[in-house]
> 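Just passing along the structure, written as structure tokens.
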Amino acid sequence: LVAALPQNRIGDVLGRQVLRSGTSIGANYREGTRASSRKQFVYSMEIALREADETLYWLELIADSKLIPRKRLSGLLDECNQL
């Protein structure tokens, strides 16, 4: 997705944001699965959920700005909503 964004200031900013928050979901989920306590597990999963919500925001912004057609983003939007 990030590589498909226009190579301009808007594409760079949105691409970095979606890349950062999108990859953070998996990192926090993985950390949670290795938690040493229930409290640590819940904390890591809450962070992963917030990152998924932030990623959804960036994807919606990309779609609304018509940088990439919403139809092309539908799979990623659906996956974020499922998370």
Side-chain angles (χ1 to χ4, degrees):
L1 167 67
V2 174
L5 288 168
Q7 293 185 348
N8 58 30
R9 186 166 172 93
I10 295 169
D12 290 343
V13 169
L14 293 177
R16 285 185 190 159
Q17 292 291 74
V18 77
L19 187 61
R20 185 198 55 77
S21 63
T23 56
S24 180
I25 299 167
N28 283 291
Y29 179 84
R30 185 173 191 167
E31 181 179 335
T33 63
R34 290 165 172 71
S36 58
S37 69
R38 178 164 172 72
K39 183 178 179 179
Q40 185 183 9
F41 171 79
V42 170
Y43 179 74
S44 294
M45 293 302 160
E46 286 175 343
I47 293 173
L49 180 59
R50 285 195 302 268
E51 293 294 336
D53 188 52
E54 180 181 342
T55 302
L56 182 60
Y57 169 78
W58 295 119
L59 291 172
E60 289 171 343
L61 198 59
I62 290 168
D64 291 346
S65 65
K66 298 183 179 18
L67 293 174
I68 294 181
R70 185 173 290 273
K71 186 175 182 177
R72 187 168 174 200
L73 295 173
S74 64
L76 291 172
L77 291 164
D78 182 52
E79 189 169 346
C80 270
N81 278 312
Q82 289 180 43
L83 292 172

> In terms of heavy-atom contacts, does CD of Glu79 have more than 12 from other residues, nucleotides or ligands at under 6.0 Å?
no
> Identify, with sequence neighbours excluded, every residue that meets side chain to side chain donor-acceptor pair (under 3.5 Å) alongside Glu51.
none
> Identify, with sequence neighbours excluded, every residue that meets salt bridge (charged side-chain N to carboxylate O under 4.0 Å, His left out) alongside Arg70.
Asp64
> Other hydrophobic cluster members with Ile47, side-chain heavy atoms of Ile/Leu/Val/Met/Phe/Trp/Tyr under 4.5 Å, chained?
Tyr43
> What residues form a side chain to side chain donor-acceptor pair (under 3.5 Å) with Gln82, not counting sequence neighbours?
Asp78
> Starting from Val2, walk the hydrophobic network (Ile, Leu, Val, Met, Phe, Trp, Tyr; side-chain heavy atoms closer than 4.5 Å) and list everyone else you reach, by chain and number.
Leu1, Leu5, Ile10, Leu14, Val18, Leu19, Leu56, Tyr57, Trp58, Leu59, Leu61, Ile62, Leu67, Ile68, Leu73, Leu76, Leu77
> Identify all side-chain donor-acceptor contacts of residues 27-35 below 3.5 Å with residues at least two apart in sequence or on another chain.
from	atom 1	to	atom 2	distance (Å)
Asn28	ND2	Ser24	O	2.9
Asn28	ND2	Ser24	OG	2.9
Thr33	OG1	Arg30	O	2.7

> Starting at CE of Met45, measure out to CD of Gln40 and round the result to the nearest 0.5 Å.
10.0 Å
> In terms of heavy-atom contacts, does CZ of Arg20 have more than 12 from other residues, nucleotides or ligands at under 6.0 Å?
yes
> Could you tell me the separation between the CD atom of Glu60 and the OG1 atom of Thr55, rounded to the nearest 0.5 Å?
11.0 Å
